[in-house]
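Accompanying notes for the structure given below.
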Protein chains: 2
Amino acid sequence: METAERLIRSTQQLLWERGYVGTSPKAIQAAAEAGQGSMYHHFSGKAELAKAAIERSGAELRAAVEEQFAGPGTATDRITRYLERDREVLKGCRIGRLTADPEVMADPVLRAPVADLFRWLRDRLAEIIAEGKRSGEYPDRLDPEQTAATIAAVLQGGYVLARAAADEEPFEQAVQGMIELLRGVAR
Amino acid sequence: METAERLIRSTQQLLWERGYVGTSPKAIQAAAEAGQGSMYHHFSGKAELAKAAIERSGAELRAAVEEQFAGPGTATDRITRYLERDREVLKGCRIGRLTADPEVMADPVLRAPVADLFRWLRDRLAEIIAEGKRSGEYPDRLDPEQTAATIAAVLQGGYVLARAAADEEPFEQAVQGMIELLRGVAR
DNA sequence: GTCTATAGTAAGATAGAC
DNA sequence: GTCTATCTTACTATAGAC
């Protein structure tokens, strides 16, 4: 693999584990097995590398989610498939964790791909719920945007609860609770 | 105010804004208007100070939540009051954000108060839901622990969505979506 | 493209005077 | 209790040789 690619992937991993503030160029270089000069040849610095890494992670997540949504079944089926997908729960969300990073939030260039991913996810969930309403699966009173935000929030919050407990259980409970509520509202 | 107290409060604030990894002793001293020697006289170092600050924040949050729960009304009323309480949404959760901090998660002493708060919160929510079941407000099939985890997760995830968007709206949507689902399941 | 040398700043803490 | 001096290591980058 080329050096630039190794640098991006190592940065993705480190941002996931330690965030932007907690990740040093030196650590990236070590993980990528690249020298100092090599890193600064390919990227202007930590920020540019992080931008590339965050955008890459966003694109990967989008593709993975789209895969869960794509299959057959009712809206509830498709959302359930997404919610129940295998996840590294205790590692948390690669993109969501960046919202806790002060320097990512302060830099519009770094925050943009984070904002974009969640904007896209909520829109996509709202579409599926709207389809469910049109097909008669969900009642008229169900608000697609609200419900989409609730579903996205349960996942992100589930990670928080699980990491706090150092145990996947709260995540699984939160997700199953959400699925039950969704089934309750569905006909 | 005494120096030790100022140091704790400044640390609470900085942990909230920048996390543990992003907060330096120097920044704490500046915020508390305390000298280097002063800080190291009262606390052994950054970790001990953070421990005190996290425990303090946990106790404060617990008291605030208990206040929302304490009033009159049905289970749904009380949970709704808690969900709709005024919050500094874009600042995120003071305790929840620490689950993104690698050094807090790695240190059992720092993680304990975080784990305790969320354990307590989920238990407390589950109690209220169980009361709602006993009073006939909620159906038998509703699982208190699951639903409690879902509610706690919606709040934590709502913060994540709002910060990503730099806008409180997704938080409000997620919360209202949750309230609607809860009302839907209640009789 | 990659390497080593260099550099200024900050992190996190200790020592000892007052 | 608080202050200043000092220390070691890390952060983040630049410069210039190869």
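Heavy atoms only: backbone and side chains are in, while hydrogens, waters and symmetry mates are out. Residue numbers start from 1 in every chain, and the chains themselves are labelled A, B, ... in the order their sequence lines are given, proteins ahead of strands.
- Remark: A:Lys51 pairs with A:Glu55 by the side-chain hydrogen bond (donor to acceptor under 3.5 Å, both in side chains) rule, at least two apart or across chains.
- With a heavy-atom cut-off of 4.0 Å to chain B, the contacted part of DNA chain C has its first and last nucleotide at C:dA11 to C:dT14.
- Among residues two or more places apart in sequence or in another chain, the side-chain contact (heavy atoms from CB on, under 4.5 Å) test is passed with B:Gln146 by A:Gln173, A:Gln176, A:Glu180, B:Asp143.
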Under 3.5 Å, N/O pairs linking protein and nucleotides 10-12 of chain D:
| residue | atom | partner | partner atom | Å |
| --- | --- | --- | --- | --- |
| D:dT12 | OP1 | A:Lys46 | NZ | 3.3 |

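- Counting any heavy atom pair closer than 4.0 Å across all strands shown, A:Gly37 reaches a base atom.
- Residues passing the side-chain hydrogen bond (donor to acceptor under 3.5 Å, both in side chains) test with B:Asp167, sequence neighbours excluded: none.
- In this view, A:Tyr20 satisfies the ring-ring contact (aromatic ring centres under 6.0 Å, His included) rule with no residue, not counting sequence neighbours.
- Residues of residues 6-13 of chain A having a heavy atom closer than 4.0 Å to DNA chain C: none are found.
- Partners of B:Glu103 under the salt bridge (Lys or Arg N to Asp or Glu O under 4.0 Å) rule, at least two apart in sequence or in another chain, are A:Arg18.
- Under 4.0 Å is where a charged nitrogen must lie from a carboxylate oxygen, and between A:Lys133 and A:Glu137 no such pair does.
- Applying the salt bridge (Lys or Arg N to Asp or Glu O under 4.0 Å) test to B:Arg111 and every residue at least two apart in sequence or in another chain returns nothing.
- The salt bridge (Lys or Arg N to Asp or Glu O under 4.0 Å) test applied to A:Arg87 returns no partner, not counting sequence neighbours.
- By the side-chain contact (heavy atoms from CB on, under 4.5 Å) test, B:Asp77 pairs with B:Thr74, sequence neighbours left out.
- Qualifying ring-ring contact (aromatic ring centres under 6.0 Å, His included) partners for A:Tyr82, counting only residues two or more places apart in sequence or in other chains: A:Phe69.
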